[in-house]
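Take a look at the structure set out below.
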Amino acid sequence: MKTLLTAAAVSVLSAPAFAQACGSKPGDVCVTSVPEISALEGTAALAALAAIVLLAWERRRRAV
């Protein structure tokens with residue numbers, strides 16, 4: 001629970017750093033380009049994350 005609260009606090013406190021200033025007039029539209037990610041890259045990233053979680057779980061299980 002403490003980790004969850006810490007992560008939430010960091011997210012909230014770092015949000016202004018990610019905010020981007022738009023034009024000075026009200027109604028100005030900010031357009032931000034974002035990198036695209038293919039389905040193959042997304043699947044590979046999820047597989048890597050799952051592998052790390054499973055390895056950590058297995059090490060913890062064997063340590064007990």
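What you see is a predicted model, and the numbers here were worked out from it, not measured in a lab.
- For the side chain to side chain contact (heavy atoms under 4.5 Å, CB included) test, no residue two or more places apart in sequence or in another chain qualifies with Ser33.
- For the side-chain hydrogen bond (donor to acceptor under 3.5 Å, both in side chains) condition, no pair includes a residue of residues 45-57, sequence neighbours left out.
- In this view, Arg60 satisfies the side chain to side chain donor-acceptor pair (under 3.5 Å) rule with no residue, not counting sequence neighbours.
- For Glu58, the side chain to side chain donor-acceptor pair (under 3.5 Å) test picks out Arg61, Arg62, with sequence neighbours left out.
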Return a table of donor-acceptor pairs under 3.5 angstrom between the side chains of residues 39-50 and protein atoms on other chains or two or more places apart.
unit_1	atom_1	unit_2	atom_2	d
Glu41	OE1	Ser38	N	3.2
Thr43	OG1	Ala39	O	2.8

